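Just so we're on the same page: letters track the sequence lines, and every chain starts at 1. Basis for what follows: all heavy atoms, side chains included, without hydrogens, waters or symmetry-related copies. Quick caveat, the model's predicted, so the values are computed rather than measured.
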Amino acid sequence: SQQGEEDPQALSIQEGENATMNCSYKTSINNLQWYRQNSGRGLVHLILIRSNEREKHSGRLRVTLDTSKKSSSLLITASRAADTASYFCATDADRDDKIIFGKGTRLHILP
Amino acid sequence: DTEVTQTPKHLVMGMTNKKSLKCEQHMGHRAMYWYKQKAKKPPELMFVYSYEKLSINESVPSRFSPECPNSSLLNLHLHALQPEDSALYLCASSQWTGNTEAFFGQGTRLTVV
């Protein structure tokens with residue numbers, strides 16, 4: 001089952017530009033996470049934002065959460081070639097023990 | 001040590017074979033997960049173990065059999081798989097369940113022939 005839905009599905013931008021990805025989800029959550037995956041290998045945790053937080057920063061990453069709209073955004077500033085990857089949001093569905101991933105955004109940074 | 005180690009990295013098996021995937025973590029995490037991922041799709045949850053007990057089975061066919069021998073190890077036993085079961089199998093662990101930060105292994109690329 002899918003909980004989150006990212007858009008866009010794919011995004012290509014020039015190196016140095018900012019990249020914004022959005023995630024919408026359906027049920028109540030305790031928190032929302034963003035992960036990165038390079039070339040179909042393991043996922044790397046980027047950031048976790050709790051349901052009572054509205055914004056969180058980590059280096060070049062900025063995440064926002066709007067629980068009233070059941071949506072989150074991930075902003076990557078000053079993109080680099082190494083940021084080329086798939087990005088997934090993940091939530092706990094109905095606050096149970098699961099970590100459920102959205103469909104993901106494939107980000108391609110052009111040199 | 002913040003690693004989750006999965007073996008093997010690649011596996012090719014016939015439909016009549018029995019094989020096992022292994023996952024190990026030494027972070028003291030009490031929740032461990034198996035995910036299946038097809039190309040260009042998100043990871044799909046298969047199983048969740050909490051304190052070495054199976055807490056969630058996402059209606060996975062019985063040809064996939066998970067096992068948690070101890071708090072550091074998680075196995076996935078495979079038997080009589082189908083070609084459509086070919087995928088990347090990912091193991092993850094977290095301190096506990098409830099959508100906390102999860103650490104993922106690099107996965108096992110499984111091909112069923």
Side-chain angles (χ1 to χ4, degrees), chain A residues 1-10 21 23-25 27-53 56 58 63 65 72 85-108, chain B residues 2-7 9-10 21 23-25 27 29-51 53-60 86-111:
Chain A
S1 62
Q2 242 65 57
Q3 160 76 315
E5 186 105 16
E6 281 93 327
D7 79 88
Q9 290 188 16
M21 289 158 269
C23 166
S24 58
Y25 56 92
T27 64
S28 297
I29 60 171
N30 287 315
N31 52 57
L32 183 144
Q33 304 184 57
W34 285 90
Y35 287 82
R36 183 187 74 225
Q37 185 178 37
N38 290 86
S39 302
R41 302 309 292 178
L43 285 85
V44 174
H45 181 267
L46 295 176
I47 199 163
L48 181 151
I49 186 166
R50 304 196 184 284
S51 58
N52 62 353
E53 296 176 309
K56 203 160 183 181
S58 177
V63 167
L65 179 64
S72 173
S86 292
Y87 292 81
F88 297 94
C89 69
T91 60
D92 46 347
D94 291 320
R95 304 187 180 198
D96 62 14
D97 290 349
K98 306 176 186 180
I99 303 175
I100 302 295
F101 287 85
K103 293 182 179 178
T105 293
R106 292 190 306 280
L107 176 65
H108 185 55
Chain B
T2 58
E3 278 197 0
V4 175
T5 304
Q6 287 188 245
T7 56
K9 288 187 169 46
H10 300 273
L21 308 184
C23 175
E24 191 167 2
Q25 58 89 12
M27 293 177 278
H29 289 172
R30 305 317 299 266
M32 296 186 78
Y33 311 80
W34 279 116
Y35 285 85
K36 171 184 176 181
Q37 187 178 26
K38 300 282 249 183
K40 296 187 178 180
K41 296 289 186 182
E44 290 182 26
L45 183 65
M46 300 175 72
F47 303 104
V48 179
Y49 272 82
S50 178
Y51 289 86
K53 298 219 181 309
L54 182 66
S55 67
I56 294 177
N57 176 341
E58 289 285 85
S59 303
V60 179
S86 298
L88 181 68
Y89 287 84
L90 293 161
C91 173
S93 71
S94 62
Q95 193 169 8
W96 48 71
T97 57
N99 200 20
T100 59
E101 177 185 354
F103 292 78
F104 280 80
Q106 290 300 298
T108 294
R109 178 76 59 188
L110 174 68
T111 303

- Item | Counterpart residues, side-chain contact (heavy atoms from CB on, under 4.5 Å), relative to B:Ser50 (two or more places apart) | B:Ser55, B:Thr97
- Query: With A:Arg41, which residues qualify under salt bridge (charged side-chain N to carboxylate O under 4.0 Å, His left out), at least two apart?
  - Reply: none
- Task: Give the member of B:Ala92, B:Gly105, B:Gly107, B:Ala102 that has the highest number of heavy-atom pairs under 4.5 Å with chain A.
- Result: B:Ala102
Where do [X] and [Y] come nearest, in terms of heavy atoms and distance?
X	Y	result
A:Phe88	B:Gln37	CZ-NE2, 3.9 Å
B:Leu90	A:Gly42	CD2-CA, 4.0 Å
B:Glu101	A:Gln33	CA-OE1, 3.4 Å
B:Pro42	A:Phe101	CB-CB, 4.2 Å

- Is the closest side-chain heavy-atom distance between A:Ile99 and B:Leu45 below 4.5 Å? no
Can you tell me if [X] has over 12 outside heavy atoms packed within less than 6.0 Å of its [atom1]?
X	atom1	value
A:Glu53	CD	yes
B:Lys41	NZ	no
B:Lys40	NZ	no

- Message: Using heavy-atom distances under 4.5 Å, tell me whether B:Gln106 contacts chain A through its side chain, its backbone, both, or neither.
- Response: both
- Please state whether the side chain, the backbone, both or neither of A:Gln37 comes within less than 4.5 Å of a heavy atom of chain B.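 Just the side chain, heavy atoms under 4.5 Å.
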